[in-house]
Every structure is written in C-alpha cells, then in structure tokens.
There are 2 protein chains.
Amino acid sequence: MPPHLKNAENASRVLAQVRQLIESGGVAADGKLPTERELSIQLDVGRRALRRALDALEAEGLIWRRQGKGTFVGEPPDPTGRLAAEIGVNADALSVMEARLCIEPELAALCAIRAKPDDIARMRFLVERIDQSSDADAAELWDGSLHRLIARAAGNPILMAAFALVDEVRSSQLWQDERDRARSPRLREIYTQQHQLIVTTIADGNADAARAAMREHLTHLSRNLQAVRETDQT
Amino acid sequence: MPPHLKNAENASRVLAQVRQLIESGGVAADGKLPTERELSIQLDVGRRALRRALDALEAEGLIWRRQGKGTFVGEPPDPTGRLAAEIGVNADALSVMEARLCIEPELAALCAIRAKPDDIARMRFLVERIDQSSDADAAELWDGSLHRLIARAAGNPILMAAFALVDEVRSSQLWQDERDRARSPRLREIYTQQHQLIVTTIADGNADAARAAMREHLTHLSRNLQAVRETDQT
DNA sequence: GCGTGAACCATTTAAAGATTGGTTCAATTT
DNA sequence: AAATTGAACCAATCTTTAAATGGTTCACGC
C-alpha cells in the first residue's frame, strides 16, 4: 500500500464516516453535530483530518460551521430571511410595491453608472429569457434574476441588502405572486418592452433614464396589482 | 393652600424638574437618563411619584423605557434593528449617504401622507431640541430621533426595516459621526432651517415638497461629508 | 513534503450576580 | 375614603467570568 494511497483512503473514509453519522441521526434536534474534538475521538481520527473532511462537507453545502458556536447540518440561518419573516406579518402587497418603488429606481440609476459590460450582457440575456419563457413560473424566475442583477450591479451593499429584504418579503407572499403570474399576453409584451428599455438605458449609462424606466415599469406593475385586487373584492 | 392643589403642584413640579434635567444635559451620550432610583434621590421625590412623571413623559413621546435596561430620551430604536444588525452589512460613509438619499426622501413623502397630528407635534419638538442642543452629542441624538420618527410615521414596515438597516450601519461608524459633529454654527443654522422645512412640508401633507426638502437636506450632508473627507486627505 | 497532535487564538455560550424598570402591598397621609 | 408613599418582590437586561468551540499555527515525525 503506497503511502499516498493510504492517505487518500483515509480521507475518504473519514468523509464517509461523517456522512454516515449525519444520515443515521447523530445530529441534535437543532441540527448540531458533536464538536470537532468529540468527533475526532468518536471516529478515531485526528482533528486535523476531521477538519479537512468537514471543510469538504461545508464546501458542498451539507453543513455550516461557526467559530465558538459549533457545526450544524443544513443551511445557515438567514438574517435577512428572519427579518423578512418578522416584518412580513405587517406587510401587504401594496407595502411591498411601495418599497420597491422607493428602492429599485435608484438601484437602476446607480446600475447605469456602475454596470460592467458583462453585467449588461447578462441583463440582455435575462430579458430574452423572460420573454421566451413559456410558463409563468419560469418567467417569474428570470424576472427575479434580472432585478437581483440590477441590484447587485448598482454596487451599494446597503441598498443590496435592502433590496434582498424586499425580495424576501415579496417571495414569501405566494398568493400574491400567483396573481402576478396571471398575466395576459398583452401585459407580457408591455413588460418585455419595459425590461428592454431599462436595460438599454442602463447600457447607455443614462442614470436618469434608467431610474425613470424602472419607475414606469414598477408603477405599471403596481397599478396592475391594484386592479387585480379591486376585481377580487367585487 | 388647599390639599388637592398642593398635590397637583407636586406632580407638576416633578414633571418640570425632569424636563429641566433633560433640557439641561443630564443625559448620557446614548440618551440614557439616570435610573429611577437615582432620579428620585436627586430630585428629592419618591420613586412612585417620579414614575408617574416618567409615565407622562413616556406617553408624550419624550422618553422611552425598557425594564432591565433603563430610561432614554428620544425615539425608541425599531424592534427590527436587532435583526438588521445581524445582517452585518459593511459599507463606507459614501455608500451610507447614497442609501440614505435613496430611502429617506421617499419616507418623508409617505410621512407627509400618513403622519398624525401627534407625530407632527413631536417632530416640531425634536427640531427645536436639535437647534437648542449645546453639544454635538445631544444634537446627534435628537437628529437621529427625528429621522426615526419620520421613518416610523411613513407607515411602511418594509421601508422602516430598510431604514433600520441603514441606521445600523451608520451608527456603527463612530469615527464618521465625529466628523459630522465638527459642525460650524453656520452649518447648524442651515440644518435647522432644512429640518424645519421638512417638518413644515410634512405638516402640510405635501408629499412632493417633503421629498424634495429631505433630499436637499441629505444632499447638503453628503456634500459636507465629501468636503471633510477631501480635506482630510490633503 | 505532508500529515499529525498540541498549543494558542478568536468567537460564542453559559452561568451567576448585579442592575433596572414594573408591580404589589401595607402603612401613612390627605 | 382616596391618594400617596416606601419597601418588597418580580421580570427583563446587562456585566463579568470561565468554559466551550471552531480557526490557525507550529514543531515534530514519517
């Protein structure tokens, strides 16, 4: 047995052992695994080797670790999601639209100043994807991606976090999204043109035009939402 | 002296004494008042009577109290601020100003639509307090309270949370705040006028004017900040 | 050169005690 | 009789200290 093969075997053995532990229920109710020191004893392996296995599992997304806190199975808690859940109780669809109308035009304007050519190409691609999606779910997905890309390319971390918060609240209101998805072909055509205008104004580096185009788009969405709500109440 | 008049005098005396304390600077930099037990000794009044005065001041919105924590002057922090802090955005001062310029004019506009008479009275009071503060710490405290009140009175929980996010980042940049505090009397006068205009436009229910007034105020702040930064780099 | 175990470092948690506002109760004053 | 008062008790928060836990470094052995 050549040493480097023995080592490779050892590494994958540890990895398999940790996986087995996770799958067989060696996990507390809150998803907490035994400590590194405990695991290294339990699996009869050095802590350093264990850490390499845990590194791999963390890279894979199976676990998350926090210094001082421990090692946990699953996704790390999302502070934005928790904040969104807390305020979502008091927020209705109109509040969401109001917040979007506050934040997203400004994001579009900043994006027009800061977007890179790669960003613009990706936006064009996404507009195309939205247009060509045959079902509403897919269109919604690409639509969300476009708005997130604009928010990111705006290059302001606070506004990006604020956008993420609005997005989180919005995406947790599924019944509203279902109404949004009941779009007529005529509305889809309008939105495509609006998306194209937004991206064109951003590509032109015209912050004022980008702001206005995004505002127009969201105002249209908002009016559509209000019309649907009024129809539902009669 | 009829007995019931003596009692009424005592109650209003305590109330006036606490007000005086607040206005004369018996407040820590974070807005914290002495504890109830300290105040009752300091003002030579029973704690029960003092609490009645504090109850009144709290009802009036001048102070807020939290069991186990203390008694504070100004507008309470938004409950979602704790969660906002966990999101852990890092940003420089210009990003903070950029985010404020995005969010706060819109908050002012919504506030102009939704503020109640009590809110307006409180805003006027806060503007007065900012103006009359003899040190920069106190001015900063009242200034923060005014902006928080406007954000709250805007009545959109999502934007309130977004504001809390910005406020959290901003309040963690203490060295920046020290620069802000190096304000000339001329600048203070300008800011007072701007604050007054903001509140007047809100009281008039003029959303567009309120938005413009807040934008003007923050643009002024932003320029001042940039000027200070450029001076520091030479 | 690589892996290992030990030592050290940085962050979080837990526990205990202290602090602070909130409430109740009995005694006193009005 | 009603209101006030001071003391006692309760509930929430803070502070301090030590322990726990992941993160990193270092010296040694293979």
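Quick caveat, the model's predicted, so the values are computed rather than measured. Labels below follow one simple rule: chain letters A, B, ... track the order of the sequence lines, proteins then strands, and each chain is numbered from 1.
- Between the side chain of R65(A) and the base of dG23(D), no donor-acceptor pair of N or O atoms lies under 3.5 Å.
- One atom, CG of D44(A), and another, P of dT4(C), lie 12 Å apart when rounded to the nearest Å.
- The K69(A) side chain lies nearest to dT12(C) when the options are dT21(D), dT20(C), dT12(C).
- Residue D30(A) places its CG atom among more than 12 non-hydrogen atoms of other residues, nucleotides or ligands, all under 6.0 Å distant.
- Side-chain atoms of Y191(B) and H217(B), non-hydrogen and from C-beta on, do get closer than 4.5 Å to each other.
- Among dT13(C), dT23(C), dT5(D), the nucleotide with an atom closest to any side-chain atom of R47(B) is dT23(C).
- With hydrogens and angles left out, the side chain of R51(B) and the base of dG21(C) share no donor-acceptor pair within 3.5 Å.
- Distances from the side chain of T71(B) to the nucleotides dT21(D), dT13(C), dG21(C) place dG21(C) closest.
- With respect to the salt-bridge test (charged N to carboxylate O, under 4.0 angstrom), the residues R19(A) and E60(A) qualify.
- Nucleic acid contact for R66(B): sugar-phosphate only, since backbone atoms but no base atoms lie under 4.0 Å from a heavy atom of the residue.
- Across dT21(D), dT20(C), dG3(C), the shortest atom-to-atom separation from the side chain of K32(A) is found for dT21(D).
- Taking a cutoff of 4.0 Å between a charged side-chain nitrogen and a carboxylate oxygen, E36(A) and R48(A) do not qualify as a salt bridge.
- Between R52(A) and dT4(C) there is a side-chain polar atom (N or O) within less than 4.0 angstrom of OP1 or OP2.
- Spacing between atom CG of D55(A) and atom C1' of dT24(D) amounts to 12 Å, rounded to whole angstrom units.
- Where E36(A) and R48(A) meet DNA chain D, the nucleotide closest to each residue was compared, and E36(A) sits on the side nearer the 5' end.
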